[in-house]
2 protein chains.
Amino acid sequence: MDEAEQAPPEGGERSRVAAAVPARSAVPAQPSSARLSGSSPVAGRPVAGTPVTSTGRAVSVSRAAGIKEVAAAAAVSLGTVSNVLNRPQLVSPRTRARVERAMEELGFVRNESARALRAGSSRILAYVMLDPSNPFFTDVATGIEEVAAAADLSVFLCNSGEDAAREARYLDLLLEQRVQGVLITPVDAVNERLRTLPARGTPVVLVDRVAGAGEGCSVSVDDVLGGELAATHLLERGHERIAFIGGPDTLNQVRDRRAGALRALERAGLPPDRLTVLATGALTVAEGRGAAERLVGLPAARRPTAAFCANDLIALGLLQMCVRLGVAVPGDCAIVGYDDIDFAAAAAVPLTSVRQPRYLLGRTAAELLLDEANNPAHEHQAVQFTPELAARASTVG
Amino acid sequence: MDEAEQAPPEGGERSRVAAAVPARSAVPAQPSSARLSGSSPVAGRPVAGTPVTSTGRAVSVSRAAGIKEVAAAAAVSLGTVSNVLNRPQLVSPRTRARVERAMEELGFVRNESARALRAGSSRILAYVMLDPSNPFFTDVATGIEEVAAAADLSVFLCNSGEDAAREARYLDLLLEQRVQGVLITPVDAVNERLRTLPARGTPVVLVDRVAGAGEGCSVSVDDVLGGELAATHLLERGHERIAFIGGPDTLNQVRDRRAGALRALERAGLPPDRLTVLATGALTVAEGRGAAERLVGLPAARRPTAAFCANDLIALGLLQMCVRLGVAVPGDCAIVGYDDIDFAAAAAVPLTSVRQPRYLLGRTAAELLLDEANNPAHEHQAVQFTPELAARASTVG
DNA sequence: CCCCTTCAATGAAAGGTTTCAATGCTGTGA
DNA sequence: TCACAGCATTGAAACCTTTCATTGAAGGGG
């Protein structure tokens, strides 16, 4: 029932935009219901999405001052102003003060394009991410930003939205920008552009993917081990029939985590058919809910007593449906997720999950990138971290 | 209990970094447990965070080719190459083909710094966001990106992390980059730099904040109305004692939403003391859990039968704790959240929530920005949208 | 057969900064 | 008093592209 509400979360709104705003106009024509926001509260209740606006005049401005104007105002040469900006210790305190005052007065802002042009590269790193709404990636991004800030670089986040074309567009753009380096969680394994960037002198580090030979640096987490940890945990708690829920199988993460679960069974001396694989079409909450119904539908004799989900979103969907169907967690069905996103601990039954060192992933990736950019003796590395299990109530009843 | 696990999610990892990596080195020294990833699976099980690495030689590259080299290779002038790039219709097909082949062969990549320098502005928009891990803001960002893509611009996301200093750093950076415009959800209401940007010719649009007079454009949602919707919904379902959970009070959103709830009470002819305010220190899941305990601790006679939470994170925490304490939702306590993030519908009991037009917020903000950047007759607008209620099981039992 | 128009291509200037060799100045040691 | 070291400052070149007025060539009309 709430499926329908959730699926196209704001479809209605968007079509309303189309209705209110002629497609070509840069700014919405104001519908008749528009009000000055200074006036009293809106009478009646407009449909969601109906904008209420107030307007005001735009103020025009004088043209930007450059280093040249500053030099003139301070009665020094161009070179001196540049020195104040870049090598202040070379400038006598007196002159420096004069120049700085001139900058202040003129509202001088250094033109980064000119700087970058002359210097040959910018002070920027970029992280091209799959999905900024996945907390996993934003944590990675935070790690990256910490390292970058320490090196006095800034990070621009680019959202590929799991779309190879958008990813390619961003990579081209970043190349043209001559960024210092690119961190990327690529959409597909094979990406020709990921080879051209390093060939053009822009270092690239793969995040959450393992670089093949000659592919440069990468930072990832051992998903096979993670799967093994999860399954071993369930085995240790006495479960002997386990479901693996996840897909599509094209994702490395899914394959590796399942392989890890199988390895755990093998170590425990159990046959592989004790792992019931329920394939999903994506790693989403909705797919998790669907899997729950399939799981419950299995004949009791063969029904697993525990489920290992390929990520936390699936696990949360599964959990939600179990609660609704009256399946006790962990009594009737223990659940392990993967990623340990914040919402995992915050679920109605706190979720046991495999935790990946997210900040550290980001930090290390950024460190490798900086090394590649600055250290001529740089050697490519494929760093792989090990995950750990966060046991919570969904398995430890 | 799981609080402790959640609070510093990866504190341990970080300190491990510090141990493994001398603070000054750009790249982690490899601990002795490092292995070539090509070799057989790791023996034993290293602590989470211990990296396993493989290495390879970095490949050096030839220097980048410019427009000049292309011109030479194609035996044409600089200007012609530039025309191929920017005004291809002016170039005869024959020459154009020749130039394009030369570009291909030399691996030419346009230097955006030089282009921007000459042209005076870049093809980039930026969205400075409070918190990319809040799904609300990533949805806004998606809306922005759609509009930008249609105008052939790219969007860089900047994460201020609710830190005014970082925000200021990014704004300076963007100014130096001469971006086409800046969209921002500012950290505080008063921000001197937000006035200097427009004064230097970079248009700014406030997102999820209302611009004061002379402050430029803004796009926001009517939080008072949202609060009123939420409370009215509860009143209509027969609840006469309602809790408002949220804080800190310094946040506009919190104050407005509470004011809306009071307005609803007033309209229903109920005294304001029917709204029990439980203040929280932040809008987080953990605070929501804490509020649940306070709520349950109230004497039965005065205990509200429903709660309106200032955002969904609080509501999810409250919901989680209710489930754990055996308080039936919505039977004993109905819950309404705010923002309608995806996890709201995915909770164990799907959450009724106030939905804001997130994509539309982003789209409209971007459209206003583009208008301000390109239309000399631009007039500042403070657009305000109206929210709507998504009723789900947490109130509709 | 010449002039004029049209289309393609050209070459030089400009944009704002950094870099660096060169200049001018001050003060020191002989 | 002179030579020189050391420091502060200077001026011009370089970075790579875009723009635009100009040139050159080809074709059509008188």
Side-chain angles (χ1 to χ4, degrees), chain A residues 62-100 102-103 106-124 172-173 175-179 200-202, chain B residues 62-100 102-103 106-124 172-173 175-179 200-202:
Chain A
S62 66
R63 207 56 228 135
I67 223 179
K68 200 157 63 181
E69 284 79 6
V70 173
V76 293
S77 72
L78 286 190
T80 301
V81 178
S82 176
N83 281 338
V84 170
L85 285 170
N86 302 294
R87 269 116 62 234
Q89 73 284 2
L90 291 189
V91 181
S92 74
R94 237 174 80 73
T95 335
R96 195 191 328 171
R98 202 150 32 99
V99 171
E100 281 167 348
M103 289 188 186
L106 294 170
F108 167 78
V109 176
R110 182 211 244 116
N111 183 322
E112 172 64 17
S113 298
R115 214 223 91 247
L117 171 60
R118 185 64 240 257
S121 98
S122 64
R123 307 285 309 157
I124 293 172
D172 286 346
L173 190 74
L175 201 49
E176 292 187 350
Q177 295 275 336
R178 302 291 192 276
V179 295
R200 303 257 181 290
T202 301
Chain B
S62 65
R63 209 56 227 137
I67 224 178
K68 198 157 65 182
E69 284 79 5
V70 173
V76 293
S77 72
L78 285 190
T80 302
V81 178
S82 176
N83 281 338
V84 170
L85 285 170
N86 303 296
R87 270 114 64 234
Q89 72 285 0
L90 291 188
V91 182
S92 75
R94 238 174 78 74
T95 344
R96 194 191 331 169
R98 203 149 32 98
V99 171
E100 281 168 349
M103 288 188 186
L106 293 170
F108 168 78
V109 176
R110 183 211 244 119
N111 185 322
E112 171 66 15
S113 298
R115 212 224 90 247
L117 171 60
R118 187 67 242 263
S121 99
S122 64
R123 308 285 308 157
I124 292 172
D172 286 345
L173 190 73
L175 201 49
E176 293 188 350
Q177 295 275 336
R178 302 292 193 274
V179 294
R200 304 257 180 290
T202 301

Residues at least two apart in sequence or cross-chain that pass side-chain contact (heavy atoms from CB on, under 4.5 Å) with A:Thr202, listed by chain then number, are A:Leu175, A:Val179, A:Val182, A:Leu197
Got a donor-acceptor contact below 3.5 angstrom from the A:Arg96 side chain to the A:Val84 backbone? no
Taken in chain and number order and not counting sequence neighbours, the residues that satisfy side chain to side chain donor-acceptor pair (under 3.5 Å) with A:Asp172 are A:Arg193
To the nearest angstrom, the CD-C1' distance between A:Gln177 and D:dC16 comes to 14 Å
From CG of B:Leu90 across to P of D:dC20 the rounded distance in Å is 12 Å
With sequence neighbours left out, the residues meeting side chain to side chain donor-acceptor pair (under 3.5 Å) with B:Arg115 are B:Glu112
Quiz item: Base, sugar-phosphate alone, or nothing: which one does B:Ser92 contact when heavy atoms must sit under 4.0 Å apart?
Solution: sugar-phosphate
Discussion item. With a 3.5 Å distance limit and no angle check, can you tell me whether B:Ser122 reaches the backbone of B:Arg178 through a side-chain donor-acceptor pair?
Written reply: yes
So side chain to side chain donor-acceptor pair (under 3.5 Å) across residues 68-79 of chain B, not counting sequence neighbours, yields B:Ser77-B:Thr80
Nucleotide N/O to protein N/O under 3.5 Å, stretch nucleotides 21-27 of chain D:
none

Got A:Pro88 and A:Val91 here, is their nearest side-chain heavy-atom distance under 4.5 Å?
-> no
Considering only heavy atoms from C-beta outward, does the side chain of B:Leu85 approach that of B:Ile67 to under 4.5 Å?
yes
Just the table, please: protein N/O against nucleotides 15-18 of chain C N/O, every pair under 3.5 Å.
unit_1: C:dT17; atom_1: OP1; unit_2: A:Asn111; atom_2: N; d: 3.3
unit_1: C:dT17; atom_1: OP2; unit_2: A:Ile67; atom_2: N; d: 2.4
unit_1: C:dT18; atom_1: OP1; unit_2: A:Asn86; atom_2: OD1; d: 3.2
unit_1: C:dT18; atom_1: OP1; unit_2: A:Asn86; atom_2: ND2; d: 3.2
unit_1: C:dT18; atom_1: OP1; unit_2: A:Arg110; atom_2: NE; d: 3.2
unit_1: C:dT18; atom_1: OP1; unit_2: A:Arg110; atom_2: NH2; d: 3.4
unit_1: C:dT18; atom_1: OP2; unit_2: A:Ser82; atom_2: OG; d: 3.2
unit_1: C:dT18; atom_1: OP2; unit_2: A:Asn86; atom_2: ND2; d: 3.1
unit_1: C:dT18; atom_1: O2; unit_2: A:Arg118; atom_2: NH1; d: 2.4

